[in-house]
Amino acid sequence: MTPHKKELRRDPEYLTPIYRMALEQFGQAADQLSLDPNVRKRFTDPKRAIMVNIPIRLDDASVEVFHGYRVHHDTTLGPSKGGIRYHPDVNLGECSALAMWMTWKCALMGLPFGGAKGGIRCDPHALSRNELQRLTRRFTAELIQFIGPEVDVPAPDVGTNGQIMAWMMDTYSQFKGYPVPEIVTGKPIAIGGSLGRTEATGRGVVFCIMEAFAHLKMQPKDKKIVVQGFGNVGAHASAILQAEGCKVIAVSDVKSGLVNKKGIDIPALMKHLETNDYIESFQGGERITNAELLELPCDVLVPAALSEQITDENANRISCKILAEAANGPTTPKADKILRERGVFVIPDILANAGGVTVSYFEWVQGLQNLFWKEQEINDRLKDIMCNAFRAVLSLSISEKVDMRLAALMLSIRKITTAKKARGLFP
Ligand code: NAD
């Protein structure tokens, strides 16, 4: 074998367990579609993966160097789009898997974007506001050639928020010499953010759950909901589900869970978290661990924290009728198979949590046009896109006799493949 061929056989750095999981899901859909092998090859690796070292001065005047990543998976349909995560486990494989899922999600929703994801390996809770600001600004500066409104548009994800997006927007604008609000989405309203963006992912999850209820002939009233991860997505999904008449009986965060069979007072918990970091200091139920929470009998389980939470180890004990994947990649392929055999109706991540990127798209369009929409218009358009996507996935899943994840992936991959074939292969 020539040295060149040997080199090709070595695994790329991003081929970690979570990337293998994304590849396995893609492979199943590609097989089902009998995808042209030449196209298949082009989807299996990210288009571009950037690693940066980010030196910043800490408040005690010492210098620390953090590792940052940005991965662009595919840009066939438009600029890449995806969140920025600040978490101790961020790595190249995770960003690559999340970028691939973003590609499928944007295509499924009919958005003119490819998929990206990035982040910094850090514990944002252990950094001061000033340290976080310096970290964000230096990270943005290191990525300056690889992001832009027509290139790649970041958004918030785990551990980041509107303030982080505001610092990214300001840093990018300083380099350009003029304000460029459309460089990021999920930014504060004061600098061109969109109404409805903060709640959008949770709201989209609820639109999907309501569609699933209708399909399964269930009424929302008093349906028991369990939510893992009470951050941006989990908290808003909980509040909107409660407003729809459901009963949220358990929630959790990274430290602990809370259960109350009569229903947790979600607005009171959200208020509590405005001045407290964690759920554990809230008196409104009994303590429970995250592992126990996932196995509580309920109508709908909403994992809204991190990936790989439902595995072949606990899938047999998951006791819900509907699994609405608000988080990205919460279910491993082995667990998926077990849930399928047990008849759990899974609303896959690339559909369930696509409300965020959909309103991010609205924010980007509003920024480019300098024309801002009313909140009702945003929520109505979101509902339209989410419900149409849900129905298209459900209809394909019924006609092809495949589960909802496979149907969603097949729709997305088919769309991008058509576009790839129309564009051809450069040069
Ligand atoms: P967030 O940082 O606001 O909240 C995350 C929540 O999960 C927090 O309550 C945190 O304490 C909890 N958590 C962290 N580690 C945990 C663990 N090991 N066990 C249990 N809970 C844990 O993040 P978010 O923006 O709400 O994102 C949550 C999930 O939704 C992620 O998977 C993210 O990729 C996905 N998502 C987010 C958006 C968005 O618009 N923010 C869009 C699509 C998908």
Side-chain angles (χ1 to χ4, degrees), residues 18 81-90 94-95 97-99 101-102 104-106 108-109 111 115-119 122-125 154-165 184-187 193-194 196-205 208 226-239 250-258 269-270 272-273 276-280 282 288-294 301-310 314 324-331 347-363 382 386:
I18 188 169
K81 183 91 192 77
I84 299 281
R85 182 173 286 198
Y86 286 2
H87 192 274
D89 295 337
V90 165
E94 182 184 69
C95 291
L98 290 162
W101 287 325
M102 280 307 294
W104 312 142
K105 196 181 301 179
C106 293
L108 183 63
M109 294 293 122
L111 311 179
K117 204 80 177 194
C122 67
D123 178 0
H125 297 291
D157 189 73
V158 176
T160 58
N161 55 26
Q163 179 59 72
I164 303 277
M165 293 304 112
V184 288
T185 59
K187 56 192 172 286
S194 177
R197 174 60 185 89
T198 310
E199 306 82 9
T201 309
R203 190 178 297 282
V205 171
C208 287
V226 170
V227 180
Q228 186 204 31
F230 200 76
N232 172 294
V233 179
H236 287 111
S238 300
V251 298
S252 68
D253 61 21
V254 64
K255 283 201 165 181
S256 66
L258 180 79
L269 177 56
M270 287 171 89
H272 177 83
L273 291 174
N276 295 274
D277 282 346
Y278 298 104
I279 292 175
E280 62 185 2
F282 182 71
I288 187 174
T289 66
N290 262 294
E292 290 163 344
L293 172 133
L294 289 174
L301 174 61
V302 184
L306 298 177
S307 60
E308 298 166 286
Q309 297 298 303
I310 301 165
N314 64 359
E325 294 185 335
N328 285 304
T331 313
I347 312 174
D349 47 7
I350 60 168
L351 173 63
N353 70 33
V357 71
T358 303
V359 176
S360 273
Y361 163 60
F362 299 161
E363 181 176 332
L382 173 64
M386 293 296 304

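These numbers come from a predicted model, not from an experiment. Just follow the structure's listing: the first ligand is 1, and inside any ligand the first atom is 1.
- Protein heavy atom in closest approach to atom 14 (C) of ligand 1: V254 CB, 3.7 Å.
- Proximity of H87 to ligand 1 is not established, as no heavy-atom distance is less than 4.0 Å.
- Close contacts between ligand 1 and Q228 involve ligand atoms 19 (N), 20 (C) [criterion: under 4.0 Å to a heavy atom].
- Of all protein heavy atoms, the one closest to atom 5 (C) of ligand 1 is G231 CA, 4.2 Å.
- Note that the CZ atom of R197 and the OG1 atom of T185 stand 5.5 Å from one another [nearest 0.5 Å].
- The closest protein non-hydrogen atom to atom 33 (C) of ligand 1 is D157 OD1, 3.2 Å.
- In this structure, the separation between CE on M386 and CG on N353 is 8.0 Å, given to the nearest 0.5 Å.
- By the criterion of a heavy-atom distance under 4.0 Å, neither the backbone nor the side chain of M102 is placed next to ligand 1.
- D253 places a side-chain N or O within donor-acceptor distance of the main-chain N or O of K255, the cut-off being under 3.5 Å.
- R85 and T160 are not linked by any side-chain donor-acceptor pair at a separation below 3.5 angstrom, with hydrogens and angles left out of the test.
- In A304, the part holding a heavy atom less than 4.0 Å from any atom of ligand 1 is the backbone.
- Atom CG of residue L273 and atom CZ of residue F230 lie 6.5 Å apart, to the nearest 0.5 angstrom.
- Listed by number with element, the atoms of ligand 1 under 4.0 angstrom from any heavy atom of R85 are 31 (C), 32 (O), 33 (C), 34 (O).
- Nearest protein neighbour of atom 2 (O) of ligand 1, counting heavy atoms only, is G159 N, 3.1 Å.
- Every atom of ligand 1 with a heavy atom of R197 under 4.0 Å away is listed here by number and element: 40 (O).
- Residue-level proximity to ligand 1 for V158 is carried by backbone and side chain together, each with a heavy atom below 4.0 angstrom.
- No option in D349, T358, N328 other than N328 meets the side chain to side chain donor-acceptor pair (under 3.5 Å) test with K105.
- Atoms of ligand 1 lying under 4.0 Å from at least one heavy atom of N328, given by number and element, are 32 (O), 33 (C), 34 (O), 35 (C), 36 (N), 44 (C).
- The closest donor-acceptor contact from the side chain of S252 to the backbone of G229 lies under 3.5 Å.
- With a 4.0 Å cut-off on non-hydrogen atoms, K255 does not touch ligand 1 at all.
- At a 4.0 Å heavy-atom cut-off, ligand 1 touches A326 through the backbone alone.
- Looking at T201 against ligand 1, only its side chain comes within 4.0 Å, counting heavy atoms.
- Close contacts of ligand 1 with F230, meaning ligand atoms under 4.0 Å from a residue heavy atom, involve 9 (O).
- Not one N or O of K117 is nearer than 3.5 Å to an N or O of ligand 1, by distance alone.
- The nearest protein atom to atom 32 (O) of ligand 1, hydrogens excluded, is given as A305 O, 2.7 Å; this is a heavy-atom distance.
- Looking only at protein heavy atoms, the nearest one to atom 19 (N) of ligand 1 is N290 ND2, 3.7 Å.
- For E363 (side chain) and G186 (main-chain N/O), a donor-acceptor pair under 3.5 Å exists by modelled atom type.
- In terms of heavy-atom proximity, N314 sits nearest to L294 at ND2-CD1, 3.9 Å.
- Taken from CD1 in I18 to CG in L306, the straight-line distance is 9.0 Å, to the nearest 0.5 Å.
- One finds the CD atom of E325 at 3.5 Å from the OG1 atom of T331 (value rounded to the nearest 0.5 Å).
- The protein atom (non-hydrogen) at minimum distance from atom 37 (C) of ligand 1 is V233 CG2, 3.5 Å.
- Annotation: atom 15 (N) of ligand 1 to nearest protein heavy atom, L306 CD1, 3.5 Å.
- Note that the CG atom of L382 and the CD atom of E199 stand 10.5 Å from one another [nearest 0.5 Å].
- For the 3.5 Å distance criterion, the side chains of N161 and N232 fail to qualify, holding no donor opposite an acceptor.
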